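Because the structure is a prediction, the values reported are computed rather than measured. Residue numbers run from 1 in the order of the sequence given. Read the numbers this way: they start at 1 and go in the same order the structure lists the ligands and their atoms.
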Amino acid sequence: MAYDFDEIIDRRNTESEKWCNLLNIYGRNDIIPMWVADMDFKSPPEVIDVLEDRVKHGVFGYPMLKDEYIEPFIKWVFKKHTWKIDKNWVIMNSCVVDSLKTAVLTFSRPGDSIVIQPPVYRPFFNLVTSNGRTLLTNPLKIENGRYKIDFNDLEKKLSEKRTKLLLFCSPHNPVGRVWEENELRMLGELCLKYDVLILSDEIHSDIIYNNKHLPIASLSKELQDSTLSFYAPSKTFNLAGLRTSFVVIPNERIRTEYETVLSSISSMSINIFGLLAASAAYQYGEKWLDELIDYLKGNIDYVIEFFKHKLPKVTINPPEGTFLLWLDFRRYGSESFVKNILINEAHVGLEEGSIFGQEGQGFFRMNIGCPRKILVKACDNIYNAFKSLI
Ligand SMILES: Cc1ncc(COP(=O)(O)O)c(C=O)c1O
């Protein structure tokens, strides 16, 4: 390995939400944090070098967004996901959640309905309800241990008169599904049939294990014209704090509407370091990412084997993408009972499934984006806290 993912980096006192907000979240500081979705690894050295050079320059005035900063992203998406994007379709913005919010405000009105597929990334709920839109859930269903879309229920929700948008998580956080082509086509067909716009959050699309990620917009001209796709280098290269993301809107009418609302609610919010980091990561970060994915696979295998042998009452299905594991603790009792043991006996900070919707009740999400030593310690702590419970 050319890159060292075993290095333990002290992130306390570094403005890290994951490491500095423990007292607030868990009521104590002696917690191994495995919650919010950033990783405990340094970003690629190729990115750090570019940032260091820029810092040394010492002048940090307003940045100017040139096409040359968008090109690397476009090339990356073509190489990784075989989708040819035109540079005119791309809008840069600070972060995916804000871009999703702009889309919600642009393409729905208060009282309109928006469909989400829980258990799902928590801010999806808030994006709908805090803007006065009606939440319609299309819960995922578990078949033979694998999460699937319930298409009958989806059709019901999409066909409701005031449904305007589907907030789609692809790949899916927290259940780790990488949607297959037939699933994407079925979902796309239904959205086209009922004239529902797709907001496809593809922030996790680069960390994929055995499958291939397919951007839903790449599947047909019709889907391209009725989808907004959201990307960022933040999960892939651990750059979330630099707040840089990309929205791809091929349809000109939709893009113009989006841009009109965007410019009415914010000025161009690009950070000079985010701009440079994203550009460098997409140009020079591929080898680092390949090694990261191998390392994460090793972490996933470790946790799955560990629980299989030591605490078999907890079941985990291997994720197809993301650095998030979805642990089924339901056989140990209620979520609050398990949570209390995890925090106060194991001293491990996972996220309880119910925050991803009631369908996640009893599951816990574990972020395995950390050096193996930290992971081993967390697993040992969990084992010691649960081993005497039958
Ligand atoms: C599905 C999904 N979308 C968006 C985000 C956040 O993206 P951003 O920080 O760019 O708003 C996350 C972070 O965990 C995520 O999992």
Side-chain angles (χ1 to χ4, degrees), residues 15-18 21 25 33-41 43 73 90-105 114-128 130-131 140 147 165-179 198-208 213 215-216 227-248 262 265-266 269-271 273-275 277-278 281-282 296 319-326 349-351 353 355-357 360 363 365-370:
E15 301 77 39
S16 153
E17 187 185 10
K18 186 179 179 184
N21 204 13
I25 304 280
M34 306 182 93
W35 62 293
V36 68
D38 70 21
M39 302 185 283
D40 296 327
F41 307 123
S43 291
F73 162 71
V90 181
I91 300 162
M92 278 183 90
N93 200 1
S94 57
C95 70
V96 167
V97 170
D98 284 356
S99 304
L100 288 168
K101 189 190 292 174
T102 305
V104 165
L105 295 174
I114 301 179
V115 180
I116 66 168
Q117 298 175 303
V120 73
Y121 180 54
R122 172 162 54 173
F124 279 18
F125 292 83
N126 205 31
L127 280 167
V128 177
S130 70
N131 291 304
L140 299 177
Y147 279 91
L165 299 168
L166 170 71
L167 250 173
F168 185 45
C169 198
S170 173
H172 193 283
N173 167 14
V175 308
R177 275 300 317 278
V178 175
W179 304 111
I198 302 169
L199 307 183
S200 189
D201 178 344
E202 307 196 6
I203 196 169
H204 289 282
S205 56
D206 296 320
I207 297 182
I208 300 292
H213 168 76
I216 189 163
T227 301
L228 290 83
S229 307
F230 301 81
Y231 294 94
S234 44
K235 303 292 157 199
T236 317
F237 299 105
N238 211 22
L239 295 169
L242 295 185
R243 305 197 35 94
T244 299
S245 71
F246 300 84
V247 190
V248 185
L262 179 64
I265 57 178
S266 74
S269 54
I270 302 299
N271 174 297
F273 294 107
L275 194 68
Y282 288 131
L296 293 174
E320 297 159 6
T322 80
F323 48 85
L324 307 164
L325 286 187
W326 188 236
L350 307 184
E351 281 188 299
I355 69 173
F356 303 89
F363 290 77
R365 193 186 79 170
M366 176 189 265
N367 173 352
I368 53 90
C370 62

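At the top of the distance list for atom 7 (O) of ligand 1, counting protein heavy atoms only, stands Ile203 CD1, 3.2 Å. Of the protein's non-hydrogen atoms, the one nearest atom 10 (O) of ligand 1 is Val96 N, 2.8 Å. Among protein heavy atoms, atom 3 (N) of ligand 1 sits closest to Asp201 OD2, 2.5 Å. For atom 6 (C) of ligand 1, the closest non-hydrogen atom of the protein is Tyr121 OH, 3.1 Å.
Residue-to-ligand polar distances keep Ser234 apart from ligand 1: every N/O pair is separated by 3.5 Å or more. Considering backbone and side-chain atoms alike, Lys235 places an N or O below 3.5 Å from some N or O of ligand 1. Between Cys95 and ligand 1, a contact under 3.5 Å exists for no N or O pair. Residue Asp98 has no N or O atom closer than 3.5 Å to an N or O atom of ligand 1.
Ser200 contributes no side-chain N or O that, together with a main-chain N or O of Ile198, makes up a donor-acceptor pair within less than 3.5 Å. Side chain of Lys235 to backbone of Ala37: a donor-acceptor contact under 3.5 angstrom is found. Under the 3.5 Å distance criterion, the side-chain polar atoms of Ser170 are left unmatched by any main-chain donor or acceptor of Glu202. Judged by distance alone, the side chain of His213 and the main-chain N or O of Gly321 form no donor-acceptor pair under 3.5 Å. Under a 3.5 Å cut-off, the side chain of Trp179 and the backbone N or O of Cys169 do form a donor-acceptor pair.
Scanning all heavy atoms of the two residues, the minimum distance from Met39 to Thr236 falls at CE-O, 4.0 Å.
Within the listing of ligand 1, atoms 14 (O) sit less than 4.0 angstrom from a heavy atom of Ala37. Close approach of ligand 1 to Cys169 is summarised as follows: ligand atoms under 4.0 Å from at least one heavy atom of the residue are 1 (C).
Centroid-to-centroid, the aromatic rings of Tyr231 and Phe246 stay 6.0 Å apart or farther.
At least one heavy atom of His204 sits under 4.0 Å from some atom of ligand 1.
For atom 16 (O) of ligand 1, the candidate residues are Asn93, Val97, Asn173; the nearest heavy-atom contact is made by Asn173.
The aromatic rings of Phe363 and Trp326 lie parallel to each other, their planes meeting at an angle below 30°, with 60° marking the opposite boundary.
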